[in-house]
Number of protein chains: 2
Amino acid sequence: MTVSLAAAPSCSSCPIRHRAVCARCDDDELVRLNEIKFYKTYAAGQTIAMRGDALDVVASVVSGTATLERAIEDGRTQMVGLLLPSDFIGRPGRATLQYDVTAVSDVTLCCFQRKPFEALLIEIPHVQERLLEMALDELDAARDWMLLLGRKTAREKIASLLMLMAKRTMHPDGQVMGDTSRLELPISRETMANFLGLTIETVSRQFTGLRKDGVIALDGNRVVHIPDLETLLMETGDDSDGGPLI
Amino acid sequence: MTVSLAAAPSCSSCPIRHRAVCARCDDDELVRLNEIKFYKTYAAGQTIAMRGDALDVVASVVSGTATLERAIEDGRTQMVGLLLPSDFIGRPGRATLQYDVTAVSDVTLCCFQRKPFEALLIEIPHVQERLLEMALDELDAARDWMLLLGRKTAREKIASLLMLMAKRTMHPDGQVMGDTSRLELPISRETMANFLGLTIETVSRQFTGLRKDGVIALDGNRVVHIPDLETLLMETGDDSDGGPLI
DNA sequence: CCTGCGCTTTGACCCAGATCAAAGGGGCGC
DNA sequence: GCGCCCCTTTGATCTGGGTCAAAGCGCAGG
């Protein structure tokens, strides 16, 4: 079965083509992927999947923000992945999920049935290659995150989070877009705390501290103005060269 | 050029065939890999590579223990990867290294020139597939590690480390081998501290605490006896099901 | 056998961040 | 416009683990 690219919704219609699964595919390969993909949406706060669930789809985030979290019985929760548009969920070759996946804002996913997706992997080396590249990028990000969790102070953690958000939301394709000084946070204080290995009170206090020191300005509690990125960068504790944080 | 498998040192001679790069290759593919591989050894304490170095080889650990570490100027250091036999170093598609790699004990690496290795990846889908699988396993391990760094207490961190070491050294291929109660630690207190996001003093105190509570017994400072793995597991703070920690 | 050196343990004290508690907002339904 | 609820901020206090300092301890070299 062949499908006209123009007639069907195709990967090239995704706003995330630059980084997602299909980034390197040619038109024919897109048609093949297209045959097995479907979209799914989740409301803010909704659980997308829970630890232990059978994982029979893999997916790419089209819009919105989701989190991967690991919890222990006594309630302690650590975020282990922040999923922004173009990020990938799930892994070919493993049948059950290791983490809780939650929609933080309204989320649209581009899903693929796992079995046919795995079959395609064998036939389309581009996708396999792309997945490896994404997995290794995520691994690098996870390692930077480990440095943050293990060795950074609360203030450095907050500054690092803001830099990360700034990079991801302002330069999604390596290009600066829009006002670089205004940053809209897609996540609550609690989500930040779970991200950073802190409590919400400490997160709040550090925001206040950075505001009082003129490093940031707050507009409501979801919008941050960053007068000078360099000043913020200095607060992160990172080396000058920076490097990828996610 | 074809080489007799018997005549040349081949991947099948590696003691790590069960998990390493070549795990799924057939004999012909092994020959291809064999043509570009070479062994290299490093003495304990030696730096294998530093952050920023050009990365023109990738490698698999044959024997010994190495670490990946990320440091910030003021001396704070966080280990971000513990490389035991069969683990993979480097990533195809990226030219420079993000972390410091250090030999903790004497280390033997099975190396591949990056360029020809990348060329082989395109031709041998098994290897690409295997690399993706390993990267995803490492990612899962990194995420468990993030939970440890962000939310566990010092005692839970030490117990988790001991469980991890026990799993890796006692069950390298999923099978129990040897005395499960005796564990020889391949790393110093300082290395453990960098692993766990603690100081050496805290590591030492927690060892003492676990010893006084009868959870472990110490024999010198590199050998630990674990009378009851279940008791130790309870100290890790992990859910009952456990899951992979590395 | 002594000495020196590096690793480890122990002790005393301190502080960043957790915990417990209470007081702001701000948006939404009525 | 008025409550109500949830999120956030602020305050007061506590404590786990860091910091600083000083002993052990094992072993290599003389």
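First the proteins, then the strands, lettered A, B, ... as listed; each starts at 1.
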Take atom CZ of A:Arg211 and atom P of D:dT8, then tell me their distance rounded to the nearest Å. 15 Å
From CD1 of A:Ile200 over to P of C:dA21, roughly how many Å is that when rounded to an integer? 15 Å
Should the side chain of B:Arg76 and the base of D:dT19 be counted as holding a donor-acceptor pair, with the cut-off at 3.5 Å? no
Out of C:dT8, D:dT9, D:dG17, which has the shortest distance to the side chain of B:Leu198? D:dG17
Output the rounded distance in Å from CZ (A:Arg205) to C1' (D:dG11). 7 Å
Is B:Arg189 side chain donor-acceptor paired with the C:dG6 base, going by distance under 3.5 Å alone? no
5′-ward residue of the pair A:Arg151/A:Val203 relative to DNA chain D: A:Val203
Starting at the 5' end of DNA chain C, which residue's closest nucleotide do you reach first, A:Arg155 or A:Asn221? A:Arg155
Does B:Arg189 qualify as a cation-pi partner of B:Phe207, given the criterion of NZ or CZ under 6.0 Å from the six-membered ring centre and within 45 degrees of its axis? yes
Between D:dT8, D:dC20, C:dG17, which nucleotide gets closest to the side-chain atoms of B:Glu201? D:dC20
Provide, to the nearest angstrom, the distance between the CG atom belonging to A:Leu196 and the P atom belonging to C:dA16. 18 Å
Distance check needed: C:dA18 C1' versus A:Gln78 CD, whole Å only. 15 Å
Whole angstroms only, please: what is the CD1-P distance between B:Ile158 and D:dG17? 10 Å
Quick one: B:Phe207 CZ to C:dT9 P, roughly how many Å, whole number? 8 Å
Look at the side chain of B:Thr202 and decide which nucleotide, out of D:dG18, C:dT9, D:dT8, has an atom nearest to it. D:dG18
Whole angstroms only, please: what is the CD-C1' distance between A:Gln206 and D:dT10? 14 Å
Examine distances only and state if a side-chain atom of B:Arg70 and a backbone atom of B:Tyr99 form a donor-acceptor pair shorter than 3.5 Å. no
B:Thr199 side chain: which of D:dG18, C:dT8, D:dT10 is closest? D:dG18
For residues B:Ala103 and B:Tyr42, report the shortest heavy-atom separation together with the two atoms involved. CB-CB, 4.1 Å
Once you apply a heavy-atom cut-off of 4.0 Å, does B:Gly197 come out as touching a base, just sugar-phosphate, or nothing? sugar-phosphate
Will you find, in the side chains of B:Lys40 and B:Thr108, an N or O donor that is under 3.5 Å from an N or O acceptor? no
